[in-house]
K.L.:
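Would you mind keeping the following structure in view while I ask a few things?
Whatever order the structure lists ligands and atoms in, that order sets their numbers, starting from 1.
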Amino acid sequence: MTQTFSFSLHGTDGRARTGTVHTPRGDIRTPAFMPVGTAATVKAMMPENVRATGADILLGNTYHLMLRPTAERVARLGGLHKFMNWDRPILTDSGGFQVMSLGALRKLTEEGVTFKSHIDGSKHHLTPERSMEIQRLLGSDIVMCFDECPALPADRARIRESMELSMRWAKRSRDAFGDRPGHALFGIQQGGLEEDLRAESAEALRGIEFDGYAVGGLAVGEGQEAMFSCLDFAPEQLPKDKPRYLMGVGKPDDLVGAVKRGIDMFDCVLPSRSGRTGQAFTRRGVVNIKNARHMDDPRPLDAECTCPACSNYSRAYLHHVFRSQEILSSMLLTWHNLHYYQELMAAMRAAIASGTFADFEEGFHAARAQGDIEPV
Ligand SMILES: [Zn+2]
């Protein structure tokens, strides 16, 4: 097994790419979807079950973990992998995005951000240097630069100012990260939906040099059409020989459209969060299991799915445990949704490798257009 971090590109189909990110903790097959383990757990799932869905890597949230149980405590207990019983790669965000979304509870300066904890109101300070320290204490394999981004729409002056600050923070993040063989630091491109600002940001990041690059500042209210328009140019501005990560995305059709435009990695709470609210993703679209039409339905959620929820239970049972607010409901639907997402990524990897991505995309949209199976 490799002791260094590297990326190998195996094939392309149009702008879609498939490859492998090599890390000392194991390989990540790309395009990859990273389930979100916010508070050192993918909610309702045991780590070995997350692995069984096909996940090669998880995401942990710096903001949540620094407040509780704290990075220092996780470090004393042997690091995040040991703490949460996941020995494969972990990517941590920088905490920046979640702090920004606190709105009135935070104050932004050149130095960093001061904010109040949503848990107990205690005051905290987060800077590029502190974010690097927290992510090192957690033992993260892929560390993200500390950055800042406005919600969209925002005016151009605000987007430029924010992007330039993020680039200064990117340099400070790089300096603070230092030389850590086997661990990677990813830079984050900003610039809103503006092509020239995105190009400037990409140029600044290339000058600093990172192990991978994220397209940041999207999925913040701009809508899918605007996001795809931005992805028509943003990934191409980044180095071809490094992984490209689209942060916080998304719905299944977002993933397909973004892979088509050259993205390699994704994370999103959607499959796990939706599982807890009774929404299931299937190849024929979203199924609301709470709907009364499932009450007497003996058929599985998705007859073609091999996950435990679909292999062993009927729609009627899934409806019953959801309506009864049983914990098993969240467990089964989260498992199904994560399984669906990983199958989707595997299908895209196979399609890119065989040069059939266009056919795959057509089939994907055709199945969804059919809608759910007819009620019994
Ligand atoms: Zn299933």
K.L.:
Does any donor atom in the side chain of T114 or H125 lie under 3.5 Å from an acceptor atom in the other side chain?
P.N.:
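Yes, H125 and T114 have a side-chain donor paired with an acceptor closer than 3.5 Å.
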K.L.:
Can you say whether the rings of Y317 and H320 are parallel (under 30°), tilted (30 to 60°) or perpendicular (over 60°)?
P.N.:
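Geometry flag for H320 against Y317: tilted rings.
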K.L.:
Could you tell me which residues satisfy ring-ring contact (aromatic ring centres under 6.0 Å, His included) with Y63, sequence neighbours excluded, listed by chain and number?
P.N.:
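F115, H118.
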K.L.:
Please list, one pair per line, the donor and acceptor atoms closer than 3.5 Å that link side chains of residues 331-338 to other protein atoms, with sequence neighbours excluded.
P.N.:
from, atom 1, to, atom 2, distance (Å)
T334, OG1, S330, O, 2.6
H336, NE2, F281, O, 2.7
N337, OD1, F281, N, 2.8
N337, ND2, P271, O, 3.0
N337, ND2, Q279, O, 2.9

K.L.:
Could I get the full list of ring-ring contact (aromatic ring centres under 6.0 Å, His included) partners for Y245, not counting sequence neighbours?
P.N.:
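Residues passing ring-ring contact (aromatic ring centres under 6.0 Å, His included) with Y245: none at all.
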K.L.:
Return the minimal non-hydrogen interatomic distance between G26 and P89, and the atom names on each side.
P.N.:
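Taking every non-hydrogen atom into account, O-CG, 3.6 Å.
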K.L.:
For the Zn ion (ligand 1), report each protein N, O or S atom nearer than 2.8 Å, sorted by chain and then by residue number.
P.N.:
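The answer, once waters are left aside, is C305 SG, C307 SG, C310 SG, H336 ND1.
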